[in-house]
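Data first, discussion second: the structure below is written as C-alpha coordinates.
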Protein chains: 2
Amino acid sequence: MMMEEQEREQLFTEDTEHLDEETLFVVSQTFKALSDPTRIRILNLLCTGEHSVNDIAETLNLSQSSVSHQLRFLKNLRLVKYRRAGRTLYYSEDDEHVMNLLKQAIKHALHH
Amino acid sequence: MMMEEQEREQLFTEDTEHLDEETLFVVSQTFKALSDPTRIRILNLLCTGEHSVNDIAETLNLSQSSVSHQLRFLKNLRLVKYRRAGRTLYYSEDDEHVMNLLKQAIKHALHH
DNA sequence: TATATACATGAGCATGTGTTCATATATTGA
DNA sequence: TCAATATATGAACACATGCTCATGTATATA
(Lines give C-alpha, C1' and ligand atoms only; values in the text may rest on other atoms or scores of the structure.)
Protein backbone atom coordinates (compact mmCIF):
# COMPACT_ATOMS: atom_id res chain seq x y z
CA MET A 1 0.00 0.00 0.00
CA MET A 2 1.25 3.45 -0.93
CA MET A 3 2.19 5.94 1.76
CA GLU A 4 0.14 9.10 2.04
CA GLU A 5 1.72 12.31 0.81
CA GLN A 6 1.84 13.86 4.25
CA GLU A 7 3.34 10.79 5.87
CA ARG A 8 6.17 10.71 3.33
CA GLU A 9 6.90 14.37 4.01
CA GLN A 10 7.18 13.82 7.73
CA LEU A 11 9.48 10.88 7.38
CA PHE A 12 11.89 11.99 4.73
CA THR A 13 12.11 15.77 4.58
CA GLU A 14 12.82 18.65 6.92
CA ASP A 15 10.35 21.01 5.32
CA THR A 16 7.60 19.48 7.45
CA GLU A 17 4.18 20.77 6.63
CA HIS A 18 2.87 19.24 9.82
CA LEU A 19 4.60 20.04 13.09
CA ASP A 20 4.19 17.51 15.87
CA GLU A 21 3.01 18.57 19.29
CA GLU A 22 6.42 18.39 20.94
CA THR A 23 8.29 20.35 18.29
CA LEU A 24 5.59 23.00 18.43
CA PHE A 25 6.01 23.20 22.20
CA VAL A 26 9.80 23.45 22.11
CA VAL A 27 9.80 26.11 19.40
CA SER A 28 7.11 28.21 21.07
CA GLN A 29 8.87 27.97 24.47
CA THR A 30 12.15 29.02 22.92
CA PHE A 31 10.65 32.10 21.34
CA LYS A 32 8.66 32.86 24.48
CA ALA A 33 11.96 33.06 26.37
CA LEU A 34 13.12 35.68 23.89
CA SER A 35 9.88 37.64 23.84
CA ASP A 36 10.32 39.61 27.06
CA PRO A 37 12.42 42.82 27.18
CA THR A 38 13.89 41.96 30.59
CA ARG A 39 15.05 38.53 29.48
CA ILE A 40 16.43 39.97 26.23
CA ARG A 41 18.47 42.49 28.21
CA ILE A 42 19.76 39.79 30.56
CA LEU A 43 20.75 37.47 27.72
CA ASN A 44 22.31 40.33 25.79
CA LEU A 45 24.40 41.20 28.85
CA LEU A 46 25.47 37.57 29.23
CA CYS A 47 26.77 37.75 25.64
CA THR A 48 29.66 39.74 27.08
CA GLY A 49 30.58 37.02 29.58
CA GLU A 50 29.46 35.71 32.97
CA HIS A 51 27.83 38.00 35.52
CA SER A 52 26.56 37.63 39.08
CA VAL A 53 22.89 38.17 39.93
CA ASN A 54 23.54 41.46 41.70
CA ASP A 55 25.77 42.61 38.88
CA ILE A 56 22.98 41.96 36.37
CA ALA A 57 20.44 43.70 38.58
CA GLU A 58 22.61 46.79 39.04
CA THR A 59 23.79 47.00 35.45
CA LEU A 60 20.28 46.73 34.07
CA ASN A 61 18.61 48.64 36.88
CA LEU A 62 16.33 45.78 37.86
CA SER A 63 15.35 44.36 41.25
CA GLN A 64 17.33 41.39 42.54
CA SER A 65 14.12 39.39 42.83
CA SER A 66 13.04 40.07 39.29
CA VAL A 67 16.43 39.06 37.92
CA SER A 68 16.46 35.90 40.02
CA HIS A 69 12.99 34.90 38.82
CA GLN A 70 13.96 35.44 35.20
CA LEU A 71 17.22 33.54 35.59
CA ARG A 72 15.30 30.59 37.00
CA PHE A 73 13.06 30.73 33.93
CA LEU A 74 16.07 30.80 31.60
CA LYS A 75 17.81 28.08 33.59
CA ASN A 76 14.79 25.76 33.33
CA LEU A 77 15.01 26.11 29.56
CA ARG A 78 18.77 25.50 29.78
CA LEU A 79 19.49 28.81 28.11
CA VAL A 80 21.80 29.81 30.97
CA LYS A 81 23.96 28.03 33.54
CA TYR A 82 25.88 29.18 36.62
CA ARG A 83 28.96 28.45 38.67
CA ARG A 84 29.21 29.19 42.36
CA ALA A 85 32.07 31.15 43.92
CA GLY A 86 31.44 31.58 47.62
CA ARG A 87 28.12 33.34 48.04
CA THR A 88 28.13 34.56 44.49
CA LEU A 89 26.56 32.79 41.52
CA TYR A 90 28.02 33.65 38.15
CA TYR A 91 25.54 33.12 35.35
CA SER A 92 26.50 32.60 31.69
CA GLU A 93 25.03 31.47 28.37
CA ASP A 94 24.30 27.79 27.85
CA ASP A 95 22.67 27.57 24.40
CA GLU A 96 24.68 28.83 21.49
CA HIS A 97 21.90 28.24 19.01
CA VAL A 98 19.30 30.30 20.85
CA MET A 99 21.83 33.07 21.49
CA ASN A 100 22.42 33.16 17.75
CA LEU A 101 18.71 33.63 17.12
CA LEU A 102 18.77 36.57 19.53
CA LYS A 103 21.86 38.13 18.00
CA GLN A 104 20.37 37.85 14.53
CA ALA A 105 17.14 39.53 15.60
CA ILE A 106 18.99 42.35 17.36
CA LYS A 107 21.29 42.90 14.41
CA HIS A 108 18.31 43.00 12.08
CA ALA A 109 16.37 45.39 14.34
CA LEU A 110 19.36 47.74 14.65
CA HIS A 111 19.63 47.95 10.88
CA HIS A 112 16.14 49.33 11.10
CA MET B 1 38.60 64.37 26.51
CA MET B 2 38.52 60.60 25.95
CA MET B 3 35.27 58.82 25.23
CA GLU B 4 33.92 56.39 27.77
CA GLU B 5 34.21 52.68 26.99
CA GLN B 6 30.46 52.20 26.68
CA GLU B 7 29.96 55.21 24.48
CA ARG B 8 32.58 53.97 22.03
CA GLU B 9 30.88 50.57 21.92
CA GLN B 10 27.50 52.04 21.11
CA LEU B 11 28.80 54.21 18.36
CA PHE B 12 31.16 51.93 16.54
CA THR B 13 30.21 48.29 17.06
CA GLU B 14 27.18 46.06 16.64
CA ASP B 15 27.82 44.05 19.77
CA THR B 16 25.88 46.68 21.70
CA GLU B 17 25.96 46.17 25.42
CA HIS B 18 23.10 48.60 25.83
CA LEU B 19 19.93 48.13 23.79
CA ASP B 20 17.81 51.19 23.21
CA GLU B 21 14.13 51.19 24.02
CA GLU B 22 12.95 50.87 20.42
CA THR B 23 15.26 48.01 19.47
CA LEU B 24 14.17 46.19 22.58
CA PHE B 25 10.55 46.67 21.63
CA VAL B 26 11.00 45.50 18.04
CA VAL B 27 12.98 42.41 19.04
CA SER B 28 10.55 41.41 21.78
CA GLN B 29 7.55 41.91 19.50
CA THR B 30 9.15 39.81 16.80
CA PHE B 31 9.77 36.92 19.16
CA LYS B 32 6.34 37.32 20.71
CA ALA B 33 4.86 36.74 17.27
CA LEU B 34 6.75 33.46 17.07
CA SER B 35 5.97 32.35 20.62
CA ASP B 36 2.45 31.06 20.07
CA PRO B 37 1.77 27.55 18.68
CA THR B 38 -1.13 28.74 16.53
CA ARG B 39 0.91 31.49 14.89
CA ILE B 40 3.82 29.11 14.38
CA ARG B 41 1.53 26.66 12.60
CA ILE B 42 0.07 29.41 10.42
CA LEU B 43 3.50 30.79 9.46
CA ASN B 44 4.82 27.29 8.85
CA LEU B 45 1.89 26.63 6.52
CA LEU B 46 2.53 29.89 4.68
CA CYS B 47 6.08 28.65 4.04
CA THR B 48 4.51 26.39 1.42
CA GLY B 49 2.87 29.28 -0.42
CA GLU B 50 -0.18 31.52 -0.17
CA HIS B 51 -3.39 30.28 1.45
CA SER B 52 -6.86 31.69 2.00
CA VAL B 53 -8.21 32.23 5.53
CA ASN B 54 -10.65 29.33 5.26
CA ASP B 55 -7.96 27.11 3.81
CA ILE B 56 -5.71 27.85 6.79
CA ALA B 57 -8.54 27.26 9.25
CA GLU B 58 -9.50 23.92 7.69
CA THR B 59 -5.96 22.67 7.19
CA LEU B 60 -4.92 23.46 10.75
CA ASN B 61 -8.30 22.63 12.29
CA LEU B 62 -8.82 26.10 13.74
CA SER B 63 -11.86 28.38 13.84
CA GLN B 64 -12.15 31.03 11.13
CA SER B 65 -12.30 33.72 13.79
CA SER B 66 -9.17 32.56 15.53
CA VAL B 67 -7.22 32.45 12.27
CA SER B 68 -8.48 35.88 11.28
CA HIS B 69 -7.45 37.38 14.63
CA GLN B 70 -3.98 35.88 14.40
CA LEU B 71 -3.55 37.01 10.79
CA ARG B 72 -4.41 40.55 11.84
CA PHE B 73 -1.72 40.30 14.51
CA LEU B 74 0.84 39.03 12.00
CA LYS B 75 -0.23 41.63 9.44
CA ASN B 76 0.26 44.48 11.93
CA LEU B 77 3.83 43.29 12.41
CA ARG B 78 4.19 43.02 8.61
CA LEU B 79 5.08 39.36 8.85
CA VAL B 80 2.33 38.47 6.36
CA LYS B 81 0.54 40.22 3.50
CA TYR B 82 -2.49 39.35 1.38
CA ARG B 83 -3.95 39.77 -2.06
CA ARG B 84 -7.66 39.78 -2.76
CA ALA B 85 -9.32 37.61 -5.40
CA GLY B 86 -13.05 38.17 -5.30
CA ARG B 87 -14.27 37.34 -1.83
CA THR B 88 -11.14 35.41 -1.00
CA LEU B 89 -8.03 36.81 0.66
CA TYR B 90 -4.83 34.93 -0.04
CA TYR B 91 -2.27 35.40 2.72
CA SER B 92 1.47 34.89 2.28
CA GLU B 93 4.78 35.59 4.02
CA ASP B 94 6.10 39.15 4.04
CA ASP B 95 9.30 39.02 6.13
CA GLU B 96 12.02 36.73 4.91
CA HIS B 97 14.25 37.43 7.89
CA VAL B 98 11.69 36.46 10.52
CA MET B 99 10.69 33.38 8.53
CA ASN B 100 14.33 32.36 8.59
CA LEU B 101 14.41 32.66 12.37
CA LEU B 102 11.37 30.38 12.54
CA LYS B 103 12.83 27.84 10.12
CA GLN B 104 16.08 27.72 12.07
CA ALA B 105 14.28 27.12 15.35
CA ILE B 106 12.10 24.38 13.86
CA LYS B 107 15.07 22.69 12.24
CA HIS B 108 16.96 22.81 15.51
CA ALA B 109 14.00 21.48 17.51
CA LEU B 110 13.46 18.60 15.07
CA HIS B 111 17.07 17.55 15.49
CA HIS B 112 16.18 17.10 19.11
C1' DT C 1 -31.85 44.17 -4.74
C1' DA C 2 -31.69 40.09 -1.93
C1' DT C 3 -29.00 36.25 -0.58
C1' DA C 4 -24.87 33.73 0.10
C1' DT C 5 -20.04 33.52 0.87
C1' DA C 6 -15.53 35.00 2.83
C1' DC C 7 -13.55 37.39 6.13
C1' DA C 8 -13.10 40.99 10.04
C1' DT C 9 -14.17 42.72 14.46
C1' DG C 10 -15.50 43.53 19.35
C1' DA C 11 -16.89 41.84 23.85
C1' DG C 12 -16.23 38.68 27.31
C1' DC C 13 -13.86 35.12 29.64
C1' DA C 14 -10.29 31.91 31.35
C1' DT C 15 -5.63 31.57 31.70
C1' DG C 16 -0.79 33.11 31.49
C1' DT C 17 2.92 36.46 32.64
C1' DG C 18 6.09 39.66 35.07
C1' DT C 19 6.59 42.40 38.86
C1' DT C 20 6.90 43.54 43.88
C1' DC C 21 6.99 42.42 48.68
C1' DA C 22 8.12 39.63 52.31
C1' DT C 23 10.69 35.95 53.70
C1' DA C 24 13.56 31.73 53.29
C1' DT C 25 18.04 29.54 52.37
C1' DA C 26 22.97 29.26 51.86
C1' DT C 27 27.61 30.75 52.51
C1' DT C 28 31.17 33.51 54.77
C1' DG C 29 33.61 35.59 58.48
C1' DA C 30 33.93 37.43 63.25
C1' DT D 1 27.19 30.57 66.86
C1' DC D 2 25.75 35.14 65.16
C1' DA D 3 25.50 38.61 61.83
C1' DA D 4 26.07 39.94 57.13
C1' DT D 5 25.84 39.04 52.29
C1' DA D 6 24.08 36.81 48.01
C1' DT D 7 20.49 34.62 46.05
C1' DA D 8 15.99 31.94 45.83
C1' DT D 9 11.23 31.50 46.53
C1' DG D 10 6.15 31.99 47.15
C1' DA D 11 2.03 34.83 47.32
C1' DA D 12 -0.49 38.36 45.42
C1' DC D 13 -1.55 41.62 42.12
C1' DA D 14 -2.12 44.07 37.61
C1' DC D 15 -2.02 43.28 33.10
C1' DA D 16 -1.58 40.66 28.68
C1' DT D 17 -3.06 36.91 25.71
C1' DG D 18 -5.82 33.74 22.90
C1' DC D 19 -10.03 31.75 22.40
C1' DT D 20 -15.18 31.69 21.41
C1' DC D 21 -19.49 33.76 20.31
C1' DA D 22 -22.16 36.97 18.06
C1' DT D 23 -22.33 40.14 14.60
C1' DG D 24 -20.50 43.42 11.11
C1' DT D 25 -18.64 44.36 6.38
C1' DA D 26 -17.45 43.44 1.62
C1' DT D 27 -17.91 41.00 -2.61
C1' DA D 28 -20.24 38.06 -5.91
C1' DT D 29 -24.30 36.16 -7.96
C1' DA D 30 -29.13 35.12 -8.79
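Just so it is clear, the structure is predicted and the values come from calculations on it, not from any experiment. Here is how names work: the chains are called A, B, and so on, in the same order as the sequence lines, proteins then strands, and each is numbered from 1.
Here the side chain of Ser65(A) is nearest to one of dT27(D), dG18(C), dA22(C), namely dA22(C). Side-chain atoms of Ser52(B) lie closest to dC7(C) of the nucleotides dC7(C), dT27(D), dG18(C). Side-chain atoms of Asn54(A) lie closest to dA6(D) of the nucleotides dT20(D), dA6(D), dT19(C). Checking dG18(C), dC19(D), dA8(C) against the side-chain heavy atoms of Ser68(B) singles out dA8(C) as nearest. In the set dA6(C), dG10(C), dT7(D), dA6(C) carries the atom at the smallest distance from any side-chain atom of Thr88(B).
dT9(C) has His69(B) stacked on its base ring, the centres lying under 5.5 angstrom apart and the planes within 30 degrees of parallel.
Between dT19(C) and Ser66(A), a contact under 4.0 Å exists linking OP1 or OP2 to a side-chain N or O. In this structure, Arg87(A) does not reach the dA4(D) phosphate: none of its side-chain N or O atoms is under 4.0 Å from OP1 or OP2. Between Gln70(B) and the phosphate of dC19(D), there is a side-chain N or O to OP1/OP2 separation shorter than 4.0 Å. OP1 or OP2 of dT7(D) has not a single side-chain nitrogen or oxygen of Arg84(A) nearer than 4.0 Å. Residue Ser63(B) places at least one side-chain N or O under 4.0 Å from the OP1 or OP2 atom of dT20(D). Taking only side-chain nitrogens and oxygens, Arg72(B) comes nearer than 4.0 Å to OP1 or OP2 of dG10(C).
Asp36(A) places its CG atom 17 Å from the P atom of dC15(D), with the value rounded to the nearest Å. Between Lys32(A) atom NZ and dG18(C) atom C1' the separation is 13 Å, expressed in whole Å. The distance from atom CG of Leu89(A) to atom P of dT5(D) is 17 Å, rounded to the nearest whole Å. What separates CZ of Phe73(A) from P of dG16(C) is a distance of 13 Å, to the nearest Å. Distance, Leu74(B) CG to dT17(D) C1': 14 Å, rounded to whole Å. When rounded to the nearest whole Å, the span between CG of Leu60(A) and C1' of dT19(C) equals 16 Å. Rounded to an integer number of Å, the gap from CG of Asn61(B) to P of dC19(D) is 13 Å. Between Glu50(B) atom CD and dC7(C) atom C1' there is a gap of 16 Å when expressed in whole angstrom units.
Between Gly86(A) and Gln29(A), the one whose closest nucleotide on DNA chain C sits nearer the 5' end is Gln29(A).
When hydrophobic clusters are built by joining Ile, Leu, Val, Met, Phe, Trp and Tyr residues whose side-chain heavy atoms come closer than 4.5 Å, directly or via intermediates, Tyr90(A) is not grouped with Val53(A).
Across all non-hydrogen atoms, the minimal contact from Leu102(A) to Asn44(A) is CD2-N, 4.2 Å.
A donor-acceptor pair under 3.5 Å is absent between the side-chain atoms of Arg41(A) and the main chain of Leu43(A), judged by distance alone.
Counting non-hydrogen atoms of other residues, nucleotides and ligands closer than 6.0 Å to CD of Gln29(A) gives a total above 12. Around atom OH of Tyr82(B), no more than 12 heavy atoms belonging to other residues, nucleotides or ligands sit under 6.0 Å away.
Judged by distance alone, with hydrogens and angles left aside, Gln64(A) brings no side-chain donor or acceptor close enough to the base of dA6(D) to form a pair under 3.5 Å.
Here the straight-line distance linking atom OH of Tyr91(B) with atom CD of Gln70(B) works out to 12.0 Å at 0.5 Å rounding.
Using a 4.0 Å heavy-atom distance criterion, Tyr91(B) is classed as a sugar-phosphate-only contact.
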